[in-house]
There are 2 protein chains.
Amino acid sequence: MSSKDPLVIFTPSGKRGRFAAGTPVLTAARQLGVDLDSVCGGRGICSKCQITPAFGDFPKHGVTVAPDALSGWNAVEARYDEKRGLKPGRRLGCQAQILSDVVIDVPPESQVHRQVVRKAATERVIEADPATRLYLVDVAEPDMHEPSGDLQRLRAALKLTWGVKAPDVPLPLIARLQPALRKGNWQVTLAVHQPHDGPARLIDIWPGFFEGPLLGLAVDLGSTTIAGHLCDLSDGRVLASAGVMNPQIRFGEDLMSRVSYAMMNAGGAAEMTGAVRAALNDLARQTIADAGADPRSVVETVFVCNPVMHHLLLGIDPVELGQAPFALASSDSVSLAAAELGMDAVNPQARTYILPCIAGHVGADAAAVALAEAPGAREELSLVIDVGTNAEILLGNSSRVLACSSPTGPAFEGAQISSGQRAAPGAIERIRIDPATKEPRFQVIGCDLWSDAPGFADATATTGITGICGSGIIEAVAEMRMAGLVDASGLIGSAAQTGTPRSEPEGRTHAYLIHDGSPGGGPRISVTQGDIRAIQLAKSALYAGARLLMDEFGIDTVDRVVLAGAFGAHISPKHAMVLGMIPDVPLGAVTAAGNAAGTGARIALLNRAARSEIETTVRTITKVETAIEPRFQEHFVAANALPHATAPFSELRKVAPLPEVSFNTGGDPADGGRRRRRRRG
Amino acid sequence: MSSKDPLVIFTPSGKRGRFAAGTPVLTAARQLGVDLDSVCGGRGICSKCQITPAFGDFPKHGVTVAPDALSGWNAVEARYDEKRGLKPGRRLGCQAQILSDVVIDVPPESQVHRQVVRKAATERVIEADPATRLYLVDVAEPDMHEPSGDLQRLRAALKLTWGVKAPDVPLPLIARLQPALRKGNWQVTLAVHQPHDGPARLIDIWPGFFEGPLLGLAVDLGSTTIAGHLCDLSDGRVLASAGVMNPQIRFGEDLMSRVSYAMMNAGGAAEMTGAVRAALNDLARQTIADAGADPRSVVETVFVCNPVMHHLLLGIDPVELGQAPFALASSDSVSLAAAELGMDAVNPQARTYILPCIAGHVGADAAAVALAEAPGAREELSLVIDVGTNAEILLGNSSRVLACSSPTGPAFEGAQISSGQRAAPGAIERIRIDPATKEPRFQVIGCDLWSDAPGFADATATTGITGICGSGIIEAVAEMRMAGLVDASGLIGSAAQTGTPRSEPEGRTHAYLIHDGSPGGGPRISVTQGDIRAIQLAKSALYAGARLLMDEFGIDTVDRVVLAGAFGAHISPKHAMVLGMIPDVPLGAVTAAGNAAGTGARIALLNRAARSEIETTVRTITKVETAIEPRFQEHFVAANALPHATAPFSELRKVAPLPEVSFNTGGDPADGGRRRRRRRG
């Protein structure tokens with residue numbers, strides 16, 4: 001290029017250069033390394049390279065752009081506009097030629113590496129850089145005098161046009177290659193998987209131009225619930241989300257009981273593997289149907305899960321995870337064909353990536369939380385708690401990060417709770433109890449009204465009021481404590497003691513009635529003494545895990561607490577602190593991160609570099625094994641009371657003075673005998 | 001090491017060095033790069049490192065070896081000798097320590113790269129360097145404080161002990177890892193596949209020490225017959241061989257009729273794929289049973305085949321191979337899991353390697369012939385003909401190599417011959433006809449006696465005399481020609497014309513009776529006019545292919561002819577030349593190479609470098625397409641006569657003067673109307 005050649009300035013990158021008049025904008029962009037997408041390689045087919053030229057004076061850039069700085073609208077653009085519509089001012093970068101100095105804006109949707117996941121909490125931006133992408137290639141026709149396989153000519157075209165190195169091609173695709181090439185008149189679109197950790201692979205082939213989209217499924221496979229998000233790999237949009245119960249629950253509610261099931265029953269592990277794989281297929285089918293997508297378009301899946309789920313998903317007997325030294329069969333990330341996991345609801349060649357496990361009890365879900373929340377990227381000391389049937393806990397800052405897993409049990413997810421249910425329409429998710437009248441009011445999922453608001457009955461007529469979900473039970477117990485219905489030991493007072501007929505006898509203990517739906521044929525929803533005990537066990541385990549990490553780190557306070565998990569977004573920091581679930585920090589330092597494990601899965605789905613990143617990160621994380629730490633037991637026992645006598649609780653008292661109550665039934669609590677330490681569940 | 005350290009000289013390599021007194025012989029061998037085997041890495045378990053020390057004066061080496069040059073026989077050696085026996089004079093290289101100057105001989109069976117395939121014809125030596133080998137490793141036990149997966153510690157041990165880079169581990173093996181490690185008390189033997197063209201893979205795992213052997217199956221998959229050899233990968237020994245008919249024959253005898261079947265019948269290709277895969281499993285099972293081997297020990301399979309068989313084996317519709325430009329779906333070599341081809345008779349993780357195809361009609365079988373016979377490695381011009389249902393023909397020397405495939409049809413394999421059968425006990429394989437009496441005598445497979453020898457009837461009582469195999473029919477026709485029973489056009493004379501009642505009328509033509517078994521309930525075996533025509537077509541195609549390559553090379557004579565193929569070893573050069581099957585060379589320049597394709601398969605099975613070699617070689621081979629060459633047709637038509645008026649035939653005349661006969665039936669030969677050009681078959 002010479003100094004007389006037209007100057008081209010791209011925004012927002014600011015990249016600039018001079019190009020011979022007549023150079024297509026796409027060509028200039030490529031030579032300058034400007035992030036401008038293209039699937040068809042400049043053939044005017046894919047429309048991915050749309051750009052917006054700007055005209056007039058640009059003193060900042062020192063150029064004036066003439067109205068005819070680009071070549072005129074051409075037939076390719078006109079046809080595309082007619083068939084699909086181009087936004088006003090848009091041009092196709094492969095068609096518009098540079099004639100004189102020009103400023104070209106690349107809109108976000110034309111960028112390859114567009115931002116797809118933005119985590120406000122961590123100010124991290126994830127760009128789309130999926131492992132699987134589409135490439136349009138024109139393949140040379142066979143020549144009897146220079147015989148070579150169609151596959152070899154296809155690989156050569158892919159290398160020549162796109163610089164993509166020879167992908168492995170699975171047998172079923174080799175078998176489909178010849179008809180596709182001939183049907184597409186020697187032009188085909190390829191979905192090529194180029195992972196961060198292995199050779200490229202052909203995933204699918206379409207005759208002619210296939211515009212996509214390619215989709216991916218990110219799954220947070222929990223002990224109790226399985227949540228999946230179907231995403232567009234090119235821009236990260238979530239097209240459909242769905243959650244299902246983990247069918248392994250019928251083999252045991254917590255992890256340890258599932259490990260026991262595997263140990264006690266020949267073929268038990270295989271049975272659980274089959275169950276969870278079937279559920280994953282159902283989840284895939286459901287999200288694909290919800291999004292109206294083609295199963296064949298789903299080419300990537302990412303799973304995050306705890307180690308027992310991880311092993312059962314992979315078909316590995318988890319028995320070693322049930323006993324010291326809790327050895328994982330494999331701790332590294334896993335890359336394999338989705339079909340190897342029996343995933344038949346997606347593209348037959350779809351790939352699966354499973355994040356690395358951190359330790360025997362700290363799984364790929366914890367790794368996903370570390371990826372999403374990146375505590376090691378901050379100066380402040382963060383305590384990240386992902387609440388599920390097991391709590392994954394991370395503590396750290398830029399100097400180091402510790403991790404452990406704590407066996408909270410499924411109570412936080414509404415399981416093992418008398419009126420518990422999973423978060424679904426009709427479930428009580430918010431509750432307030434008046435400290436004076438002891439009367440409750442509540443909200444149910446699917447309705448914005450509080451239960452004491454006019455019209456609530458009508459608004460909930462369809463869903464009914466069916467139970468209490470995980471966040472609801474936490475609020476209920478905390479509110480009961482604040483209203484003086486429960487004492488510090490966790491005992492529910494009798495009607496005589498609390499002064500409300502909602503304290504109903506239940507065996508030798510009492511239950512607090514929240515809602516009586518029985519006149520209308522609905523359930524009576526109450527919080528029983530057993531529910532309180534389950535929550536106490538769960539929150540003690542959670543707290544003890546966090547304290548253990550703090551001990552290891554050598555600190556007594558943290559700068560911030562991030563509550564993540566399937567119901568992390570719904571948990572009330574105030575109530576969590578009333579319960580003593582989390583260590584003491586100012587209320588304002590507690591943030592909810594939503595489903596951080598799910599977000600981590602989605603990040604790994606959309607960005608190859610993130611996979612490398614988390615694989616490196618987990619190696620630097622210090623693992624703390626709660627199961628063998630005597631201090632964990634000590635913290636656990638000490639954390640049983642409601643609440644701890646702590647600063648934040650004092651802070652809360654200012655809001656709602658705590659009645660200093662203490663109940664005594666004259667004997668042991670009815671459930672005292674069956675109180676047990678729940679391990680790994 | 002210092003100049004005072006003991007000097008160690010290894011034979012036969014001659015490698016020498018000084019080592020500190022007390023150094024084990026195995027350690028010294030490794031440091032010097034001496035080829036001394038070991039699976040257990042020096043633990044005294046595997047006994048692979050046996051050596052023979054030599055004592056006394058060695059003026060040639062300038063040393064005198066004292067009787068106590070090595071440390072004394074130790075407990076490990078004594079135990080091994082007691083359990084399994086050590087040959088006299090042998091020591092275990094890992095146990096015997098060097099104390100003073102010593103000469104150590106490494107016997108062939110202790111060498112890793114021992115010679116396993118020696119081709120006398122080409123003076124080529126193939127060393128054992130199989131892709132899959134055994135490694136004994138001691139894996140670190142899990143540590144809760146430094147948690148890592150068992151797989152990760154296993155990989156680290158493999159790297160540390162053997163320098164083997166982290167292998168990929170398939171899911172079913174990850175699932176078996178933990179029990180194996182614990183059963184073997186953290187010592188396991190691994191079968192690791194380290195191919196020439198991809199990442200290492202774990203194939204199997206055994207608790208503790210597994211001594212092997214590892215086996216491999218080399219298969220020549222022909223259109224008509226499938227031949228397999230089960231080999232010990234460490235020394236190349238053939239433990240069992242078996243041949244079965246290709247069950248695809250029921251879909252069409254030649255290749256083109258199978259392609260037609262695939263075109264005409266929906267699912268036809270898949271049906272043929274299923275049939276051949278089942279036959280390969282049967283073949284594997286049979287050889288494994290014959291060798292008394294464990295199916296799990298069979299970890300490698302190699303297939304060679306023509307392009308249509310290649311595609312049908314891989315599950316690719318061969319339709320494109322049936323029409324110009326005869327495009328292969330894939331021409332490169334194929335590496336995949338044997339299970340992907342439905343091979344369930346071998347180790348579930350066994351690997352398969354299929355040699356590259358040369359062109360649309362020149363397959364992996366031709367590549368295997370090129371590998372075994374290496375015409376490009378010689379100065380002389382070689383014509384290599386692998387006779388089967390298709391003939392693979394190579395012509396070349398060190399300057400260049402040409403290849404083509406010629407559609408001879410299955411006549412040479414005894415198919416489409418009235419009394420034809422495959423080579424099996426009871427089949428006539430040799431025949432001589434007295435030119436004076438016109439009486440035949442013959443040999444059958446399974447009996448060394450000629451039919452006119454005393455005791456022949458008794459010797460063949462069990463097998464009977466059941467038909468004529470491929471080499472038998474060639475000899476029969478040639479002998480009939482030399483005895484004046486057939487004229488140059490291929491017509492069989494009547495009894496009146498030939499003077500023997502063995503010329504029997506058959507419709508409007510005649511047949512020559514070789515053996516009448518009907519009195520004993522056996523078949524009447526004769527050569528019909530149709531048989532002659534089938535052989536004429538086959539030999540014309542073969543000759544035309546060879547001539548076409550000679551035209552391309554620009555030469556009229558070759559220096560040597562190598563006859564290979566399933567029955568190449570049994571073919572008589574003299575009779576082949578009488579028939580005009582091959583171009584004219586002195587009889588002494590014709591050698592039989594046996595099943596060169598099968599040998600090529602076996603070489604590729606046993607030696608990784610050979611796989612790289614043939615992949616490089618096929619790219620340099622000039623492909624000639626017989627189907628589109630008008631000169632092929634010309635040569636074909638011109639070659640129809642029996643024999644050509646050629647020099648070697650004149651030479652033969654000196655041996656047996658050719659009766660100048662010419663028969664005329666007064667009309668067209670009966671089969672003239674159904675004479676057809678057989679394409680690709």
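Chain identifiers are assigned alphabetically (A, B, ...) following the order of the sequence lines, protein sequences preceding nucleic acid strands; residue numbering begins at 1 within each chain.
Every residue two or more places apart in sequence or in another chain that forms a side chain to side chain contact (heavy atoms under 4.5 Å, CB included) with A:Ala175 is listed here: B:Ile316.
Proximity to chain A (any heavy atom under 4.5 Å) is restricted, for B:Leu341, to the side chain, taken from C-beta onward. Interface residue A:Leu177: only side-chain heavy atoms are found under 4.5 Å from chain B. Heavy-atom distances place no part of A:Leu154 under 4.5 Å from chain B, backbone and side chain included.
Among A:Gly315, A:Pro147, A:Pro172, A:Pro307, the residue with the largest count of heavy-atom pairs under 4.5 Å with chain B is A:Pro147. The residue among B:Gly198, B:Pro325, B:Pro170 with the most heavy atom pairs within less than 4.5 Å of chain A is B:Pro325.
In this structure the side chain of A:Leu171 reaches within 4.5 angstrom of the side chain of B:Leu336, judged on heavy atoms.
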May I have a table of the donor-acceptor pairs connecting chain A and chain B at distances under 3.5 Å?
from     : atom 1 : to       : atom 2 : distance (Å)
A:Gly149 : N      : B:Ser331 : OG     : 2.9
A:Asp150 : N      : B:Leu328 : O      : 2.8
A:Asp150 : N      : B:Ala329 : O      : 3.2
A:Leu151 : N      : B:Ala329 : O      : 2.8
A:Gln152 : OE1    : B:Ser331 : N      : 2.7
A:Gln152 : OE1    : B:Ser331 : OG     : 3.0
A:Gln152 : NE2    : B:Ser330 : OG     : 3.1
A:Gln152 : NE2    : B:Asp332 : OD2    : 3.2
A:Gln178 : NE2    : B:Ala327 : O      : 2.9
A:Gln178 : NE2    : B:Leu328 : O      : 3.3
A:Arg182 : NE     : B:Glu320 : OE1    : 3.1
A:Arg182 : NE     : B:Glu320 : OE2    : 3.1
A:Glu320 : OE1    : B:Arg182 : NE     : 3.1
A:Glu320 : OE2    : B:Arg182 : NE     : 3.0
A:Ala327 : O      : B:Gln178 : NE2    : 2.9
A:Leu328 : O      : B:Asp150 : N      : 2.8
A:Leu328 : O      : B:Gln178 : NE2    : 3.3
A:Ala329 : O      : B:Asp150 : N      : 3.2
A:Ala329 : O      : B:Leu151 : N      : 2.8
A:Ser330 : OG     : B:Gln152 : NE2    : 3.1
A:Ser331 : N      : B:Gln152 : OE1    : 2.7
A:Ser331 : OG     : B:Gly149 : N      : 2.9
A:Ser331 : OG     : B:Gln152 : OE1    : 3.0
A:Asp332 : OD2    : B:Gln152 : NE2    : 3.1

